[in-house]
Amino acid sequence: MKNRIISAFLAIAMMASMAISSLALTADEKLENILGIEEFMKDYGISVGSSDEPMMDAFKLMLENDAFYNQFMHLMISQYDRYSLFVPAGNYETAYPTNDNYVGIGVTMEQYGNSVRITDVTKGGPADEAGFKVGDLIVYVDRKDYTNTTIAKLANIIRGEEGTKVTVTVKRTENGKDLYITRTLTRKYIEVSNFKSEVLEDGIFYMDLTRFADTNAYIDFVFALQDMVKANTRALILDLRGNPGGEVNMALNLINRLIPDEDVTYFMTRSKINGEYDIDFYKSDGMGVRLNKIIILQDSNSASASEIVIASLTGLGYAESVGLTTYGKARGQYHVQLSDGSVAVVNGIELIAPGHNDYDEIGLAPDHEVYNTMEPDENGVSVFVDKQMEKALELARVYAAQPQQYTVDRFGNFTNIDPIPAE
């Protein structure tokens, strides 16, 4: 017995004195080592029982660290595709806002090369009161140079707590000369509606939907349909520029309310349920008013649910599109909320539109490609010109001049006129 103990001691001493060479291992090799040592510990570790799970116990200890838990969940979920991810507790509303309300100075911005340009100024907001205009380039914030930056970075700098101040410098071109305007603004709560509508001209109605995530916006859309009918609309301009998407069901319901024909397959989804793949077909109820045409405005930030609307209505011939190629997201995700408020976003739905190939990571090309521009006004001031809207109006006027395809009674109820079948 004594000799065996001495031999074991010598073996241990020899192992300790050996020069250990460092080898880079692959992930598979590391996992093999972990599993091998776990088995060795079960068989030879004095304090380890055969029913113990050393690897699982170590994993549980690591999960006590919140940072490791969040990182592991993200790696586990996101490794399969670009849409699946993990949203830690307290971050969901920031990652997936249901509206665009915020505290800031009241401007909408776009990337303009390496700079950031103002594309809209909220009426009555701090920027409006300071005299900022569409087309102004934001160059300094609190006297720090931001002439070379991104929208995401600049938005975080400009936004802040309500009542706090921020100094912003914009560059404006007038008569060929650069004019720098500096104003100190007080941040305030800016309430932005996800939906707005109006009559533009005789026979032309306009709807602007910025996000498919707000129930109130959908209700506003339904009431706007009534206003559209009462105005004897023949052509609708539906503005989905900058719309990042949201609820798939909301987009599908919106399409259904715009299609005048019954039993039209207007969309399909392919998903996996309990391990088995299944395809759902969405058919219209024929509740839409028969417009002469819907003109859809789109751009590179039109994504997901907004692309569902674009692909469906253009693919079926109810609409024409104007603008730029869309983002290219033809997949839908499940949002699984966990007990701590964190959310697992799992890609699980393939979106299939009639008349279109799979546009995922490709986008939907417009029927009429149009770029917006900056042009000098009568005073030589460089201003933003919405060429896309101009083109949409041009097309809408043609369709608005054509005969109306429905009648309206004194109560505002409409009756579609059946189209004359083609010979």
J.: May I ask you to decide whether Glu375 forms a salt bridge with Lys387, counting only side-chain N to carboxylate O separations under 4.0 Å?
T.: yes

J.: Just checking, is any N or O donor in the side chain of Thr26 or Asp28 under 3.5 Å from an acceptor N or O on the other one?
T.: no

J.: Taking the side chain as everything from C-beta on, heavy atoms only, tell me whether Asn347 gets closer than 4.5 Å to Tyr80.
T.: no

J.: Salt bridge between Asp136 and Arg172, side-chain N to carboxylate O under 4.0 Å?
T.: yes

J.: Salt bridge between Glu201 and Arg397, side-chain N to carboxylate O under 4.0 Å?
T.: yes

J.: Parallel, tilted or perpendicular, judged at 30° and 60°: which one describes the rings of Phe221 and Tyr218?
T.: tilted

J.: Is the backbone N or O of Lys329 less than 3.5 Å from a side-chain atom of Glu307, with the two atoms forming a donor-acceptor pair by type?
T.: yes

J.: Any side-chain heavy atom of Val121 sitting closer than 4.5 Å to one from Lys133?
T.: no

J.: Tell me yes or no: between the side chains of Ser284 and Asn256, is some donor less than 3.5 Å from an acceptor?
T.: no

J.: If the threshold is 4.0 Å, N to carboxylate O, is there a salt bridge linking Arg270 and Asp358?
T.: no

J.: I'd like to know if Asp261 pairs up with Arg290 as an ion pair, taking the criterion as any Lys NZ or Arg NE/NH1/NH2 lying under 4.0 Å from an Asp or Glu carboxylate oxygen.
T.: yes

J.: Are side-chain heavy atoms of Thr326 and Asp299 found at a separation under 4.5 Å?
T.: no

J.: Kindly say whether the aromatic ring centers of Phe72 and Phe59 come within a distance under 6.0 Å.
T.: yes

J.: Does a side chain donor of either Ser271 or Asp278 reach within less than 3.5 Å of an acceptor in the other side chain?
T.: no

J.: Check whether Tyr83 forms a cation-pi arrangement with Arg331 (NZ or CZ under 6.0 Å from the six-membered ring centre, at most 45° off the ring normal).
T.: no

J.: Kindly check if the number of other-residue, nucleotide or ligand heavy atoms within 6.0 Å of CD (Glu247) is above 12?
T.: no

J.: Taking Glu53 first and then Lys42, would you say they form a salt bridge - that is, a charged N and a carboxylate O separated by under 4.0 Å?
T.: yes

